[in-house]
Structure formats: structure tokens, C-alpha cells
Protein chains: 2
Amino acid sequence: MLGNFSYCNPTKLYFGEDSLKFLNEELPKYGAKIMLTYGGGSIKQNGIYDEVMAILKANGKTVFEDPGVMPNPTVEKLYEGCQIARQNEVDLILAVGGGSVCDYAKAVSVSAYCEEDPWDKYYLRMADVDNKIIPVGCVLTMVGTGSEMNGGAVITNHASKLKIGHVFGSNVFPKFAVLNPVFTYTLPQYQMVAGIYDIMNHITEQYFSGEDDNTSDYISEGLLRSLIHSARIAVKDPKNYEARSNIMWTATWALNTLVAMGKTTDWMVHMIGQSIGAYTDATHGMTLSAVSMAYYRHICPYGLPKFKRFAINVWNVDPAGKTDAQIAAEGLERMENWMREIGLVMNIKELGVTDDMLEGIAQGSFIMDGGYKVLTQEEIISILKASM
Amino acid sequence: MLGNFSYCNPTKLYFGEDSLKFLNEELPKYGAKIMLTYGGGSIKQNGIYDEVMAILKANGKTVFEDPGVMPNPTVEKLYEGCQIARQNEVDLILAVGGGSVCDYAKAVSVSAYCEEDPWDKYYLRMADVDNKIIPVGCVLTMVGTGSEMNGGAVITNHASKLKIGHVFGSNVFPKFAVLNPVFTYTLPQYQMVAGIYDIMNHITEQYFSGEDDNTSDYISEGLLRSLIHSARIAVKDPKNYEARSNIMWTATWALNTLVAMGKTTDWMVHMIGQSIGAYTDATHGMTLSAVSMAYYRHICPYGLPKFKRFAINVWNVDPAGKTDAQIAAEGLERMENWMREIGLVMNIKELGVTDDMLEGIAQGSFIMDGGYKVLTQEEIISILKASM
């Protein structure tokens, strides 16, 4: 465990088939005015909306609805949400949906009482939060981002073609989150596998950094093995509770700060993927899968011991009689096979990327320095070309 | 992930070589009266006492000292601590020491304002806490119990020959804990390896339960692999920061409720070990190591698939051409070799157990029902005999 760090994660999680009823324990802790934030309306079709509304009413709450959160929440929607929250002086934002809805709810929670433009302050300048924060609770219906137990919130600005995530402190973490694996059953397969790859990439972004021996990496390997196993089951049998529950739990622990402790962390795949998202509005997880193999094969020589370890400990590659480079390459090959097997998008053309966008996508990709290679703009373009 | 469960762990951890300075961030949150709880005085020899006192003084605190917490804190000492805490109306109990000191501090925190005998209420009757709780902070100087991030507190009653742990709710968890691996360097090797086995056994007590596929088990396997690796380094080179820091972090996550989520959990080794402790006052971790091999070999046939998985995933046993029983046995053999290699006590005679105690130890062992076999009294005696 390198350096000095602190860890605190106060979010209360309620997990399981009957977990929604625990809203009855949480709601009395907040005032009467609840902002109910959700997406495109799928929760009205699958009945979750009615269930949540019934609990809110039974707890005597006044509900201010804030529907229409899009998959990549925009800055315009953020301004709209801030107005609803501020005008009605809401006491709690209850986010019912996936990572986009949870991210958006957290962005509103810090932005509603921000006295300047929150995009400028919290995204372009990445300032610390010094205004009133509205508490957030989550009911998760889609799995992947880990947003239910962290302080991150990604917002997209289409005008400036920027998609930026700010990781806020633990006072912005959701106060509670309801995780019912059954709520994820109705999700289309495309969204499910995109979420699964988002989870995997959260783990690998943190794993592929550092040269030291670190317990966080051992935990990451365990999470990856569980995810790989359960994903194979879930794509064939989406209503397999065991698999879906393991995927849901893995998602939470993949990005709630635990596996980053004592590490530098990379995040370069997310930076490129988010830039692709700003240009194409493609599903987040697919923007990551589409560039990952080109990226990891590019940096593999710079972090060879870790890629070798990844191959052996995560993908069960037998190292006997092979060079380190061969072992590492075999690990990445097994990863690619698994990605194809579960149905991930493996090239950016399929996401709508055209040759004329490559320069802009590269420019919009923030360059990180915690991984095995600090990329140049040219290297990003070459990775994008290899991903076409 | 089986069943419905909730997870919340609000303890704030400060980790690293410079982590003690973060007391300056925590102390201002509490009133002026601090009860400083510690053990036999080793913190006066290694300088930690002076460092902590200087920070307490600089923060304008009045300190009420409560030294002399013994390795297995007694009910008499608990009564004494309650009196110090209540008479002085202390605002915070600062525990500086290992798991015994932290456990004792938590026991005092719930017992000081208990209107009846806390041993009867919180240990014999395992009642919920309904009185005022004094907040606890920890500065860890010995690693193993995970007490710094959980609600457990074990107290020993020599008169009735009972050593009982009560797992209190998250409002009894320490508010903060300082984890500086360097503070553990001066610990005698015997104590260090006892702590290492306590960690391993915390994980296996939770791992060896359930038939389902559960992400918690994958996390446990990661923690075990990290521990096995770092322990081998630490016994040869006790001042190896990397190894000691990984052991410290693994200890915290081995028993802060995470790897128990969605599981039944066993705890039978702890029940037998604690009963041995009540009879011999032996070091906790050694009471566990001394009975473990006999216990695990006894229950192995009842949980064969898990013991096979343990052998392959944790101990790298090659399963080719072997029966499941052979694979499982080879895993346990490797575990035993590792235990002998790091210098654990492997029989209870060495801890002072005599034949005439066996009946009483068996009777004092609470029988748990979450593992692969609910033991009879006769089976416990037979395990004890095999451990002599």
C-alpha cells in the first residue's frame, strides 16, 4: 500500500430482492419534499415507478418529478434539474435509474445552490464544493457505473464537445442506495453487456498502475474473476439471480474507491471513451470496449510484469515455457475472446465515429499520468485508428 | 449474493507512515475530555505514547488515562474502564494498541452508561444497545482483529471461564482509525504471526460457508493470496513496509463485514479458540492456529467443493488427474506447511491445555450453524484431542 491515504465510504446499501422496502427506513430521515429523478420512462413500464411512488406517498412525501434524464446527461438538463431542486427547496433527490441518473442527481445536488455556472465551476475548473449540498438516494435499475456508492458525476456538454467527470468528496456520496438485482432483468442485453464492460474497465483502469505489491490488486483480481464468470452466465440467462446479483455487487465495489487505495490509477480508456461519447452520444460502456484492446496492447510493453500477472491470475494462462510477452499477449487474447463472447462492440466505427472526428476526439481526451505510459496526442490518434 | 442484507461502514481510515497527524483533523470534532486507553505500556517504550500525547495537548484536550488493558480484556477491567469514562464524562475514548485495546474501548463505549451489569446485558444476553454510546477512535499498533473498522468487542470472564464476542451495530464502529504500518514494527514476532493467522482465520471462517457462487468469496480469495504472500516476506523481514502495510490493510478488510455479505459464515474455529483462551489466556491467534487443521480436515468432506476451490484458487494446487478429495487435501496440506513456515503454534498443548480441560473447553465453545457441519460436543472433543 503506497503513500498516505484516507478511506471513508458512508453510503448505506440495501441489497436483495426485497430491498426496496428499506426506503421506508430511509425516507423518514429527510424532509417532505422529494425530487424524483429518472430517465426515459422505462421505470413506468416495468412497475418500479409505481412501487416507489406508493412508498413515497405512504411516507407522506410531496413529489417533484424530474424525468427525462438522458443516457449521457447534458449540461442543459443539469441547469433544468437545478431549477426544479432550488425552486421547490427539495429535501432529498431520489434517483431511480442507472449510472446516468445517479450521476446527474449528484451533479444537481452540488449545483443547485452553486452561485455561478456549475459547468464552469465544477467541471471546467474542478473546484471543491463550498455550497449547500442536497442529499441524494438511489434506487438502481441498471448496473455498471458504481455511481450508487461514490462521489463521481459525469456531465456532457455537446456545444463544446466535452464529457467530463468530477469526483466529489464523500459528502456528495449517496446517503443510501437500494440494489435489487431483479430490477435489472428488463434491461436490454446491449445495455447489460455495456454495463458489464464498464465494471471490468473500472477495475482494470485502477489495476494497471504501479509496480508495487498491493492488496488492492489482489482484491481487483477477485472482482474480475467473479465478473468474468457471472457475465458468461448472465448473457445466456439474463434472469439468473445469482449471476445478476454478483454483477451488481461487483459493480459497486469496482468503483467505490476501495480498489484504488494506495494506487496511482490510470483512467486513460475512460478519457478516450468519454471523448468518443461527446462526439457520438454512444453508450458509455461500448465506447470503452471499442478502444480497450488497442489501448491495452499499446501500453502492454510498458507494464509487462502487470500484464503477465493479469494473464495468469485473472485469465488462468499457463506460463510454462512462454516469454513474459507471450504470457501477457495470451491474457489479452483471452480478454478479447471474452469480450466478443458476451457481445461487446469492438470498434468505434460501429458507434458512429468517422475519420474526420479522430483529431477532435483525441484533443478532447484528457491525458492522465497514473498508468504505465503517458500518451501523446499522436498515440491517441493511432489507438483510435487501430480501433476503427 | 444470497438473501437480503444491508451494508454500511462509516469508519474513516487514515493509512500510511504519516497518518498519525490526521488526529489533528479528528480531535476537534469531539469535546475536551479524552480517555486514553492502552495496554501494558509498550507504547511508552516505542514513543507512540509521547507522539499521541503531544497531539492531544496541542489540541487542548484533558486526558484521562486508562492503561493496563490486558491481551484478553477481562470483565473486571471493563467495569474499571466504565467508571473512569462515566465519572469523568469523557467525550471520546482514544484506543492506542491492538485489537484487545480497541475491543475493550468499544465495550466501554456501550457499557459506561448501561444501567445494569453490562456483562449480563451485552454478553450473556446479547441485547441491543439502547443507552448512550461514547465515540471511539483507534490508533492501531498491532494488526489482526480488524477491530478498528467493525463493531465487535470480545470480553473474557475468568470466573465463569467464558470469552464472548458481541458484534454491535455500526453506531459502535470506531469513528476513525489511524493505521500506520511502521507502528507495528516493534511487535514481537510471536504476536505478529498470531495476528497474521487471526486475519487468515477471519477470512476462512466467512469463506467456508454456502454452496452458491458469491462475489464475497472471490474477494476473500484475493485477500488470502495477498496475506499468504506478504506474511512470508514479513516473517523474514519484519520492517518490510510493503509487506506490513499489505498485512495491515488485509486485516481491516478481512473483518469489517464486507466479505460476509450474502453469506451465512461459520466462526466455529473462533468459538473453540475463544474457549481455549478462557482456560489458558493464550494469545488469540495461536488458539485459532492450534485447532484449525484438525477442524478443517474434519469438516472438509462436508464442504468438499469449497475446499477444492480453496486449494486451486488460493494455494495454486494443480487439479489435473486428482480426485476432488485429493485436491482438497493438498490445499490443506499447503496451508499447514505455510502455517509451520511462518511459525504458528500448531497444537493446544503448547498453549497450556491439559487433558482435564478438554471437556470444559468443549462445553464453553458455542456451537454455530453457518458452516458446513453443525458440530456435536463429541466432535469438538475429538477435534481438541487431535489438536493436542
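Naming convention: chains lettered A, B, ... in sequence-line order (proteins, then strands); numbering from 1 in each chain.
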Checklist line | B:C102 to B:C138 - nearest heavy-atom pair and separation | finding: SG-SG, 3.5 Å
Item checked: Under 4.5 Å from a heavy atom of chain B, the part of A:D213 involved -> both
Check: Do A:E26 and A:K175 meet the salt-bridge criterion of a basic N to acidic O distance under 4.0 Å?
Finding: no
Next item on the list: Can you tell which part of B:N246 gets under 4.5 Å to a heavy atom of chain A, answering side chain, backbone, both or neither?
Entry: both
Check: A:M261 versus chain B, heavy atoms under 4.5 Å apart: side chain, backbone, both or neither?
Finding: side chain
Next item on the list: Between chain A and each of B:E17, B:E221, B:R225, count heavy-atom pairs under 4.5 Å; write down the option with the most.
Entry: B:R225
Checklist line | Heavy-atom pairs under 4.5 Å with chain B, option from A:L227, A:N180, A:I219, A:D18 with the top count | finding: A:D18
Checklist line | With A:Y7, the ring-ring contact (aromatic ring centres under 6.0 Å, His included) member among B:W253, B:F176, B:Y14 | finding: B:W253
Note to self: With a 4.5 angstrom heavy-atom cut-off, is it the side chain or the backbone of A:Y241 that approaches chain B, or both, or neither?
What the structure shows: side chain
Check: Charged N to carboxylate O under 4.0 angstrom, A:K322 versus A:E330?
Finding: yes
Next item on the list: Let me see the working for B:K239 and B:V182 under side chain to side chain contact (heavy atoms under 4.5 Å, CB included), right down to the final yes or no.
Entry: CA-CA 8 Å; B:K239 293 194 177 177; B:V182 177; over 6 Å; no
Margin query: Among A:G222, A:S19, A:G16, A:S226, which residue has the highest count of heavy-atom pairs closer than 4.5 Å to chain B?
Written below: A:S226
Checklist line | Most chain A-contacting option - heavy-atom pairs closer than 4.5 Å, from B:N9, B:L179, B:N316, B:L258 | finding: B:L258
Next item on the list: Under 4.5 Å heavy-atom distance to chain B, tell me which part of A:N313 shows up: side chain, backbone, both or neither.
Entry: side chain
Notebook entry, point to check: Any side-chain donor paired with an acceptor under 3.5 Å for B:N4 and A:K21?
Noted result: no
Item checked: is_close_aromatic(B:Y197, B:W338), centroid dist under 6.0 Å -> no
Next item on the list: Among the options A:N214, A:I233, A:T250, pick out the one with the most heavy-atom pairs lying under 4.5 Å from chain B.
Entry: A:N214
Notebook entry, point to check: Any salt bridge between A:D212 and A:K263, counting N to O under 4.0 Å?
Noted result: no
Note to self: Less than 4.5 Å to any heavy atom of chain B: does that hold for the side chain of A:S170, its backbone, both, or neither?
What the structure shows: neither
Checklist line | Region of B:M248 that comes under 4.5 Å of a non-hydrogen atom in chain A | finding: neither
